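Each chain gets a letter, A, B and so on, in the order its sequence line appears, and its residues count up from 1. Note that this is a predicted model, so its numbers are computed, not measured. All heavy atoms count here, side chains included; hydrogens, waters and symmetry mates do not.
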Amino acid sequence: MANIFNKLFSYKSPLVLLSQEASYCKQAAEMLTKALYDYLDKNDVTKYSSAIHTLESEADTVKVELKKIYERMKWTHFSKIDIVDIAYNLDAVIDTTDDIAKLLNMNRVDVLDDKIKKMILELTNIMFKTVQEVEEIIDELQQVAESVFSKREVSEEDRLIEAIGNEERYTDKLGIEIGKELFSRKKTMHPVDVLFLNNIVRMLMKISDRSKNVAERVQLLLHHE
Amino acid sequence: MFIMIFAGIIGFFMAFSIGANDVANAMATAVGSKAITPRQAAIIASFAEFLGAVLFGTAVTKTIASGIVNIEAIGEPTLIMYGALSALIAATAWVMVATVFGMPVSTTHSIIGGMIGFGLVSGGIHIIYWSRLAQIVLSWFLSPFLGGLISFFVFKSIVHSILHRNNPVKCARLVSPIAVGVTFFVIIYMFFLKNVETAHITSLSSGIIAGILGFLISRPLITRFIAKNDNSQYDVVETIFRKVQVLTSIYVSFSHGANDVANAVGPLALIYIILQTGALSTGAELPPYILMIGGLGIAVGIATYGYKVMNTVGYQITELNNTRGFSIDFSTATTVLLASVLGLPISTTHTVVGSVTGVGMARGFEVVNFSIIKSIIYSWFITVPFAAGVAALAYILLTHFF
């Protein structure tokens with residue numbers, strides 16, 4: 001009798017793979033936070049770029065593995081589309097993190113006042129917090145599956161999802177404020193630096209936005225079941 | 001006598017092949033959910049398969065030996081012995097080919113195909129017990145279905161009585177000894193019913209006593225284990241079921257031995273009966289050593305090769321945890337043991353697939369590939385005609401040259 005189990009099961013749990021991908025995102029976001037602190041203190045940030053790129057490649061491998069499982073498996077507990085969408089949003093999180101790290105190596109901002117610096121760092125911290133919460137949400141999703149959707153675990157997941165939504169709204173508000181502050185300094189700062197920093201801010205907002213998308217998809221999974 | 005020795009060697013080889021390949025699928029859930037290591041699985045399976053074969057193997061062996069072909073209609077005892085040998089050769093050859101090509105074929109279906117082939121070529125269409133054969137084929141459909149049904153309800157019970165409760169560990173402390181008790185009850189009840197042949201009420205009482213004992217013994221052990229464990233709630237529940245799954249893995253191998261030993265020794269039993277009685281007596285009793293040959297062959301197959309297969313088949317199926325594994329094992333073993341008591345030769349592996357499906361339907365798995373069911377059904381349509389064809393050819397050759 002041949003091994004039927006390698007055809008019947010995926011051997012690797014898709015949720016464990018998602019959790020790995022989320023963990024790479026968190027590590028990359030943590031590194032990016034350090035990079036931005038160093039950058040705004042005018043320190044060298046080249047070391048962060050390659051490290052984040054390595055994490056991005058590893059996350060990509062996990063995403064491909066996950067996609068393969070869903071291509072092969074015919075019956076799934078969660079909707080395939082939702083799971084693949086979560087994987088792609090996590091991919092966007094780590095890709096954007098990688099892009100920011102690369103951008104930081106391309107240009108140095110000459111003049112930067114403390115107010116802008118403080119606001120960008122606040123945005124960075126919130127971005128990191130949202131990515132951290134995404135990891136918690138994915139980990140909790142494993143508990144939800146393990147408990148076969150017990151009300152207790154679903155409520156806990158809903159609580160985490162609500163928190164991330166509030167943070168993303170604040171990120172949007174803060175990002176617009178930073179943009180206004182930056183453009184109001186177009187005569188004191190170099191215009192390229194204004195656009196450069198505004199671009200970084202927009203990308204940080206995008207990370208939070210993608211994190212919220214992950215949370216929303218998880219919520220759909222929970223309440224669609 | 002030469003034919004008996006030759007059939008004994010091939011029967012032993014077939015049993016070896018069952019132990020080397022087939023047992024891995026029966027034990028995969030216990031190994032995959034890390035309840036036991038492949039080495040422990042090999043040790044457990046070697047003993048439990050042997051015991052299952054010797055204690056419960058008679059009914060299915062008799063079905064294969066004399067329940068498919070009307071041997072009395074053939075008339076000539078030598079021809080029947082060649083026929084039984086042909087069926088065994090064909091089934092063994094097909095299982096070997098399928099193993100090489102990685103096809104999920106059943107040894108049970110192979111031997112049934114072999115017996116049909118020999119029957120058709122030796123006596124024509126009239127000497128097959130078609131109604132009995134229809135029952136057997138029906139059991140091939142029913143056994144995965146029953147496995148699925150039992151596993152669905154077992155897993156749903158675990159979900160509602162443990163996983164959805166506010167304190168899953170506290171509930172597991174009560175429910176898991178009940179699971180142990182029910183396992184004890186089923187084994188002892190069926191053992192008394194089939195082997196000791198006592199009155200139904202006596203078998204039932206013995207089963208109930210065994211069940212209560214199982215509950216009473218396991219309860220303090222599990223309570224003591226919980227007291228020592230300070231992991232998260234679900235981890236503790238899974239660890240409790242990991243302990244319980246050691247018992248159900250024994251139950252699975254026991255049932256597997258009971259049903260599958262017949263695939264190896266069924267034709268051998270037929271040859272023995274003819275040699276012993278010198279006539280076509282289907283009522284002759286089977287000596288235990290016939291079943292022992294099969295049981296030993298399976299045990300040797302596991303010990304020498306099967307544990308390596310278990311390593312690749314079952315190890316690290318991360319999707320599979322112990323509450324799911326327990327549900328699959330319990331339902332598979334119960335279905336197979338029930339079929340053994342009824343004398344129905346079924347495929348354990350196909351029953352496992354049914355049980356996995358049941359747990360999947362109860363939302364126990366993230367992803368399961370049920371398209372394998374298609375390849376299993378295809379394998380039925382290939383296995384029976386192929387084994388029948390080879391058995392017919394072997395029969396013609398044997399009767400022509402000897």
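Of the two parts of Val352(B), only the side chain, counted from C-beta on, holds a non-hydrogen atom closer than 4.5 Å to a non-hydrogen atom of chain A.
For the set Leu163(B), Thr357(B), Ile158(B), the entry with the most heavy-atom pairs within less than 4.5 Å of chain A is Leu163(B). Taking chain A as the reference chain and counting heavy-atom pairs below 4.5 Å, the highest number among Gln233(B), Arg324(B), Glu238(B) is found for Arg324(B).
In this structure, the side chains of Arg165(B) and Ser147(A) stay at 4.5 Å or more apart for every pair of heavy atoms. A 4.5 Å side-chain heavy-atom check between Val148(A) and Phe155(B) finds at least one atom pair inside the cut-off.
Counted within 6.0 Å of NZ on Lys118(A), heavy atoms from surrounding residues, nucleotides or ligands total 12 or fewer; the atom is thus considered open. Crowding of Asn166(B) atom CG: a count of heavy atoms from other residues, nucleotides or ligands under 6.0 Å not exceeding 12. Within 6.0 Å of NZ on Lys67(A) lie no more than 12 heavy atoms contributed by other residues, nucleotides or ligands. Residue Glu122(A) qualifies as enclosed at atom CD: its count of foreign heavy atoms under 6.0 Å is above 12. Around the CG atom of Leu121(A), the shell of radius 6.0 Å holds more than 12 heavy atoms that belong to other residues, nucleotides or ligands.
Between the OG atom of Ser150(A) and the CD1 atom of Ile162(B) there is a distance of 13.0 Å, given to the nearest 0.5 Å.
At distances below 3.5 Å, not a single donor-acceptor pair connects side-chain atoms of His164(B) with backbone N or O atoms of Lys151(A).
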